[in-house]
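All values derive from a computational prediction rather than experimental measurement.
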Amino acid sequence: MGIHSSDLRQYVIRPALHYLNLWSEAAEDLLLGTAAVETGMGYRLKQVKGPALGIYQMEPATHLDLWLHWLVPSPRRRGLREALLGLVSFHVREKLRLEGYSVLHEEMVVSLAYATAMARCFYLRVPWPLPKAGDIQAQACYWKHWWNSERGKGTVDGYVRAYQRLVRDA
């Protein structure tokens, strides 16, 4: 069993999203559902036969792409970049200075706040609005299309079941 959903919501997701000025109930719900379906709320922080990391199971290549092609090139996202770096531990910031953005993916394993912030950035990049808070079926479809992809092993039904078991019934 992973982290209790009310603890994840109250002590990690909500504060991280407020810190980034990106809070909404819909974002909270979608991130809880993503954590539920991807890792059982943090049961595993490294994908068993793959590269994905953290409570949301973001792949290092996706993480690097977010930095290099969405966060860094945009002058409008300077404040968001600075806020994200504020969530990074000192030793990783030092490595970042020397080695570049590719070292930041390590932080998704050790910092729930950073992993949450990066997952929210991933969904922020999506051109469609977030599904309404409480609409688990729509969230599941959104997650499947944008996070898991059509080729991914996850299913809409799997998301709904994970959400009901680990979030709604918890």
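Formation of a donor-acceptor pair under 3.5 Å by the E107 side chain with backbone atoms of A115 is not found in this model. At least one donor-acceptor pair under 3.5 Å links the side chain of T116 to the backbone N or O of L112. In this structure, T39 contributes its side chain and A35 its backbone to a donor-acceptor pair below 3.5 Å. With hydrogens and angles ignored, the 3.5 Å screen pairs a side-chain donor or acceptor of K144 with a backbone N or O of S149. Side-chain atoms of R81 come within 3.5 Å of backbone atoms of L71 as a donor-acceptor pair (strictly under, hydrogens ignored). With hydrogens and angles disregarded, no donor-acceptor distance shorter than 3.5 Å links the side chain of R14 to the backbone of E28. Side-chain N or O atoms of R77 include one that pairs as donor or acceptor with a backbone N or O of W70 at under 3.5 Å.
Between atom CG of residue L22 and atom CZ of residue R120 there is a gap of 5.5 Å, rounded to the nearest 0.5 Å. Taken from CZ in R168 to CZ in R161, the straight-line distance is 14.5 Å, to the nearest 0.5 Å. Once rounded to the nearest 0.5 Å, the distance linking CD of E38 with CD of Q47 reads 8.0 Å.
Comment: R9 engages D29 in a salt bridge, judged by a side-chain N to carboxylate O separation of less than 4.0 angstrom.
Taking 4.5 Å as the limit, some side-chain heavy atom of M41 sits within range of a side-chain heavy atom of L32. A 4.5 Å side-chain heavy-atom check between L66 and R125 finds at least one atom pair inside the cut-off. Here the side chains of Y11 and I3 are not in contact, with every heavy-atom distance at 4.5 Å or above. Looking only at side-chain heavy atoms (C-beta outward), V12 and I55 stay at 4.5 Å or farther from each other.
Below 30°, between 30° and 60°, or above 60°: for W146 and Y142 the angle between ring planes is between 30° and 60°, a tilted geometry.
Here the closest non-hydrogen pair linking V167 and A36 is CG2-CB, 4.3 Å. What you find for V160 and Q137 is that their closest heavy atoms are CG2-OE1, 3.7 Å. Of all the heavy atoms in T155 and W143, the pair that sits closest is O-CZ3, 3.4 Å. The minimum heavy-atom distance linking M118 with M58 is given by the pair O-CE, 3.4 Å. Contact detail for P51 and P60: the closest heavy-atom pair is O-CD, 3.2 Å. Among all heavy-atom pairs drawn from A83 and L20, the shortest one is CB-CD2, 3.7 Å.
In the hydrophobic clustering of this structure, L30 groups with W128; members are Ile, Leu, Val, Met, Phe, Trp, Tyr whose side-chain heavy atoms approach within less than 4.5 Å, directly or through other members. Under a hydrophobic clustering in which Ile, Leu, Val, Met, Phe, Trp and Tyr are joined whenever their side-chain heavy atoms come within less than 4.5 Å, directly or via other members, V109 and Y101 fall into the same cluster. A single hydrophobic cluster is seen to contain both L68 and L80, as judged by linkage of ILVMFWY side chains at heavy-atom distances under 4.5 Å, directly or through other members. Y114 and V72 fall within a single hydrophobic cluster, where Ile, Leu, Val, Met, Phe, Trp and Tyr are joined by side-chain heavy atoms under 4.5 Å apart, directly or via other members. Note on I13: it does not cluster hydrophobically with Y43, by side-chain heavy-atom contacts below 4.5 Å among ILVMFWY residues.
For Y56 and H63, the gap between ring centers reaches or exceeds 6.0 Å. Aromatic ring centres of W147 and Y123 lie closer together than 6.0 Å.
The 12-atom threshold is exceeded at NZ of K46, counting heavy atoms of other residues, nucleotides or ligands nearer than 6.0 Å. A 6.0 Å sphere centred on CZ of R93 holds more than 12 heavy atoms belonging to other residues, nucleotides or ligands.
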Let's go through I136 and Y159 carefully: what are the C-alpha distance in whole Å and the side-chain angles of both, what is the deciding distance for side chain to side chain contact (heavy atoms under 4.5 Å, CB included) to 0.1 Å, and is it a yes or a no? CA-CA 8 Å; I136 308 311; Y159 181 105; 4.2 Å; yes
Let's go through S111 and V88 carefully: what are the C-alpha distance in whole Å and the side-chain angles of both, what is the deciding distance for side chain to side chain contact (heavy atoms under 4.5 Å, CB included) to 0.1 Å, and is it a yes or a no? CA-CA 8 Å; S111 172; V88 174; over 6 Å; no
Could you walk me through whether E106 and K95 satisfy the salt bridge (Lys or Arg N to Asp or Glu O under 4.0 Å) test, starting with their C-alpha distance in whole Å, then the side-chain angles of each, then the deciding distance to 0.1 Å, before giving a yes or no? CA-CA 11 Å; E106 299 170 13; K95 286 175 74 174; 3.0 Å; yes
Test log, rule side chain to side chain contact (heavy atoms under 4.5 Å, CB included), inputs S5 and L166: CA-CA 7 Å; S5 64; L166 296 168; 5.7 Å; no
Start with the C-alpha gap between Y163 and V37, add the side-chain angles, then the distance that decides, and say whether side chain to side chain contact (heavy atoms under 4.5 Å, CB included) holds. CA-CA 7 Å; Y163 194 96; V37 71; over 6 Å; no
